[in-house]
Amino acid sequence: MERMSELIKILNEAAEAYYVKGVEIMPNIEYDRLYDELLSLEKETGIVLPDSPTQQVGSKVMSELPKEHHASPMLSLDKTKSVDDLRTWLSDKEGILSWKLDGLTVVLTYDGGKLIKAVTRGNGEIGEVITGNAYNFENVPKTIPFNGRVTLRGEAIITYSDFEKINSEIPDEGARYKNPRNLCSGSVRQLDPKITKARHVKCIIFSLVSAENEETFEEEGGQLSMFAAPKNESSVPGLFSERFEWLSALGFETVYYKLVNAGNISDAVEDFKKQIPLNDFPSDGLVLSFNDIAYGESLGRTAKFPRNSIAFKWQDETAETVLREIEWSPSRTGLINPVAIFDPVELEGTTVSRASVHNISICEELRLGIGDRITVYKANMIIPQISENLTKSGKLPVPETCPVCGGKTEIRQDNDAKYLYCVNPECPAKKIKSFELAASRDALNIDGMSEATLERFINEGFLKELKDLFGLSGYRNEIASLPGFGDKSAENLINAAEKARDTEMHRFLYALGINGIGLAGAKLICRHFNQDYGKICEATLEELTEIEKIGPILAENFTAYFADSEKRRQAEGLYSVLRFPEAVSDNGEPGKFTGLTFVITGDVHIFKNRKEVQDLIERMGGKCAGSVSKNTAYLINNDIMSQSSKNKKAKELSVPIITEEEFIEMAGI
């Protein structure tokens, strides 16, 4: 029991760090080893503890995106690394073998031939609504020739070629993305669909969840369980392979597959393996399913796994080598990452000599020391990792000074893993955070000013304080000569900064990075002082606490910022290079919505996004809230007949539900 509890704690922490926070605190091969140990103990003892990862679908959902329950749980697949297991599992049935794509699973819903909703897998029960982003997937049709309601599952991916192109545009190697999966996850879960589009995300369909048609479906709700055959076989096929053909005919890109049986499964697996070096898409194994969907569905499921499919992973090819050095690589947050340098070895057809170790905890777990004999492998046959330390000297020195500035370092505990940080507040790695905020979309919105570019400019001495963001024209030639830039890139960046000079007072205030003052707080303060910077910077505690939602702590942070002579000087320097035209309301009457609270839900079609609606409401004196209450004046939802929780609540409270068109008419624009 004690060992099981220990394993559960380790595995759950690792899963949450990886899936929710995008942090890897242990190698994949180690996670699989501990998972298998736990599974073995559970079988041996007959005891399964309630928080065991063998019983959980996934990790919890954490983001600012709207959440939604899936109609049916999205279960994980049982897995094996043995072809013999696949043959036994398949028995005398026909199967369909396909790639297990390595991206982010999404659920797409079409109604009346139109894409109406996209939701991520999330934790398997609750996903995040990313409909606006799905409109920007490169290969997903917005309309299809099927008038019923269709729900599909697919894997959002970024190809290796696009991944490498995106990374090649980031001059600093240390700031580049680690792998296509992480880049894809961040791209799909963006709050700004423009970023999704720029990342060239594709979605490969791997299953049909349901297909409803008024004439042919009479079951309650018209819902089909995963892969269940519809009543009208002529409408939607009942074989897995035929459904792929049907989906392809509707305009979807489906996953590559082979029909297999017990006699040819080994050859098929080998054929897939040979394709891996040629593939432009990331995968982490294969999926075997029964081709007869009704048969597979009849087998039911366990608490965690469906019985109609099983995942296959190749045995990782490992090589023994010698650890020669740990390179401590600084990042823009002050975090210093360890990278293992070892004697070159051949893995999966390529030569490798470096592998990220991610953090100090992994170094300690592996008991690394210079000169140790280690084994390395490629996770998913792509990413070099250390799998085992054969000598375990444990004599790895952790640097006491930062390789960037020479300042002191300290070890911090975060998400149950140890990380090395530089504590020098003037370290260039720290400065990036303030510049990153100032250049961000919600602040001064300097297009193209990426984190990597900011870091490079700080290191080159172009940026010392915030106002320097608008003085880059003086470094035009130097910027053009930097690797990865050129005359055109330099010109575009300088023009983007010039365009960003025209801004609004609340964006400027937010860009200063005052502790606790977010965009909403900045808007409240600016509105209270009628956009007058002279009054804003001289605001007293008493004046600030009169503002709704500005409490004493935020007021103290605000006054302390402007009481600091150096911060005040930098703020005034930035203010002096910006232009603040008189606020207008897109021809709407200023103050027209004063005292009114709106809630916005669902997709928008006239405005670019819901944030644009919110900005207009606030410029006209109104407020926006995230949930419907008795204080809500209007719920804006283009789908007035929707059965969403917000619509139901609005009807209960007699809150008017209006469309975009009705809102625009109210605004008088």
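S187 places no side-chain N or O within donor-acceptor distance of the main-chain N or O of T196, the cut-off being under 3.5 Å. Here the side chain of N557 pairs a donor or acceptor atom with the backbone of N515 at under 3.5 angstrom. Side-chain atoms of D468 do not come within 3.5 Å of backbone N or O of G471 as any donor-acceptor pair. Between the side chain of N359 and the backbone N or O of A417, no donor-acceptor pair lies under 3.5 Å. E327 places no side-chain N or O within 3.5 Å of a backbone atom of V339 that could act as its donor or acceptor partner. Between the S629 side chain and the N631 main chain, a donor and an acceptor come within less than 3.5 Å of each other. Side-chain atoms of D102 do not come within 3.5 Å of backbone N or O of I157 as any donor-acceptor pair. When atom types are taken as modelled, the side chain of Y135 and the backbone of L115 share a donor-acceptor pair closer than 3.5 angstrom. For the pair T559 (side chain) and A555 (backbone), a donor-acceptor distance under 3.5 Å is present. Side chain of R579 to backbone of T503: no donor-acceptor contact under 3.5 angstrom is found.
Note on ring orientation: taking the six-membered ring where Trp is involved, the planes of Y533 and F562 are perpendicular (angle over 60°, cut-offs 30° and 60°). Ring pair F663/F598 is perpendicular by interplanar angle, where above 60° counts as perpendicular and below 30° as parallel.
Between L574 and Q570 there is no side-chain heavy-atom pair separated by less than 4.5 Å. Taking 4.5 Å as the limit, some side-chain heavy atom of P403 sits within range of a side-chain heavy atom of I336. Contact check for E138 versus K197: no side-chain heavy atoms found under the 4.5 Å cut-off. No side-chain heavy atom of T409 sits under 4.5 Å from any side-chain heavy atom of W328. Between R181 and P282 the shortest side-chain heavy-atom distance does not fall below 4.5 Å. A 4.5 Å side-chain heavy-atom check between M666 and K592 finds every atom pair outside the cut-off. N424 places none of its side-chain heavy atoms less than 4.5 Å from the side chain of K408. At least one side-chain heavy atom of L335 sits less than 4.5 Å from a side-chain heavy atom of N337.
Atoms CZ and CD, on F529 and E538 in that order, are 10.5 Å from each other to the nearest 0.5 Å. Expressed to the nearest 0.5 Å, how far CG of L472 lies from OG1 of T453 amounts to 10.5 Å. Note that CG of L444 is 11.5 Å distant from CG of D502, once rounded to the nearest 0.5 Å. Note that SG of C624 and CD of Q614 are 4.5 Å apart. Values are rounded to the nearest 0.5 Å. With rounding to the nearest 0.5 angstrom, the CD atom of Q531 is 8.0 Å from the NE2 atom of H506. Between the OH atom of Y634 and the CD1 atom of I617 there is a distance of 11.5 Å, given to the nearest 0.5 Å.
Pairing each heavy atom of L420 with each of I411, the nearest pair is CD1-CG1, 4.0 Å. Considering all non-hydrogen atoms of both residues, G602 and N637 come closest at CA-OD1, 4.3 Å. Between E478 and F462, the shortest heavy-atom distance links the atoms CB-CZ, 3.6 Å. Closest approach of A500 to I446, counting heavy atoms only: CB-CG1, 3.8 Å. Nearest heavy-atom pair across H528 and E543 is NE2-O, 3.9 Å. Nearest heavy-atom pair, L469 versus A438, reported as atom, atom and distance to 0.1 Å: CD1-CB, 4.0 Å.
Under 3.5 Å, the side chains of N638 and D603 contain no donor-acceptor pair of N or O atoms. In the model, D162 has a side-chain atom that pairs as donor or acceptor with a side-chain atom of T159 under 3.5 Å. The closest side-chain donor-acceptor pair between T105 and R121, if any, does not fall under 3.5 angstrom.
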Derivation of the side chain to side chain contact (heavy atoms under 4.5 Å, CB included) call for F470 and I494: CA-CA 8 Å; F470 300 92; I494 291 167; over 6 Å; no
Chi angles and distances behind the side chain to side chain contact (heavy atoms under 4.5 Å, CB included) call for L519, K523: CA-CA 6 Å; L519 188 63; K523 288 179 179 179; 4.0 Å; yes
Residues F457, F485; criterion ring pair (Phe, Tyr, Trp, His ring centres under 6.0 Å); working and verdict: CA-CA 12 Å; F457 287 2; F485 285 88; 5.8 Å; yes
Step-by-step salt bridge (charged side-chain N to carboxylate O under 4.0 Å, His left out) determination, R501 to E498: CA-CA 5 Å; R501 285 182 190 269; E498 182 61 28; 2.8 Å; yes
From CA spacing to verdict: side chain to side chain contact (heavy atoms under 4.5 Å, CB included), K142, K114: CA-CA 6 Å; K142 294 181 176 62; K114 295 180 181 179; over 6 Å; no
Pair R569-E465, salt bridge (charged side-chain N to carboxylate O under 4.0 Å, His left out): steps then yes or no: CA-CA 10 Å; R569 183 191 68 79; E465 52 187 88; 3.1 Å; yes
Stepwise salt bridge (charged side-chain N to carboxylate O under 4.0 Å, His left out) test for E572 and K467: CA-CA 9 Å; E572 292 181 351; K467 71 174 184 179; over 6 Å; no
Step-by-step side chain to side chain contact (heavy atoms under 4.5 Å, CB included) determination, I116 to T131: CA-CA 7 Å; I116 62 166; T131 310; over 6 Å; no
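Surrounding NZ of K611 are more than 12 heavy atoms belonging to other residues, nucleotides or ligands, all under 6.0 Å away. Crowding of D447 atom CG: a count of heavy atoms from other residues, nucleotides or ligands under 6.0 Å not exceeding 12. Around NZ of K535, the count of heavy atoms belonging to other residues, nucleotides or ligands within 6.0 Å does not exceed 12. Within 6.0 Å of the CG atom in D532, the count of heavy atoms belonging to other residues, nucleotides or ligands exceeds 12. For CD of E400, the number of neighbouring non-hydrogen atoms (other residues, nucleotides, ligands) closer than 6.0 Å is 12 at most.
Relative to the six-membered ring of Y419, R412 misses at least one condition, a distance below 6.0 Å or an angle of at most 45° to the axis.
Applying side chain to side chain contact (heavy atoms under 4.5 Å, CB included) to R610 and the options I600, I636, D615 leaves one that passes, I600.
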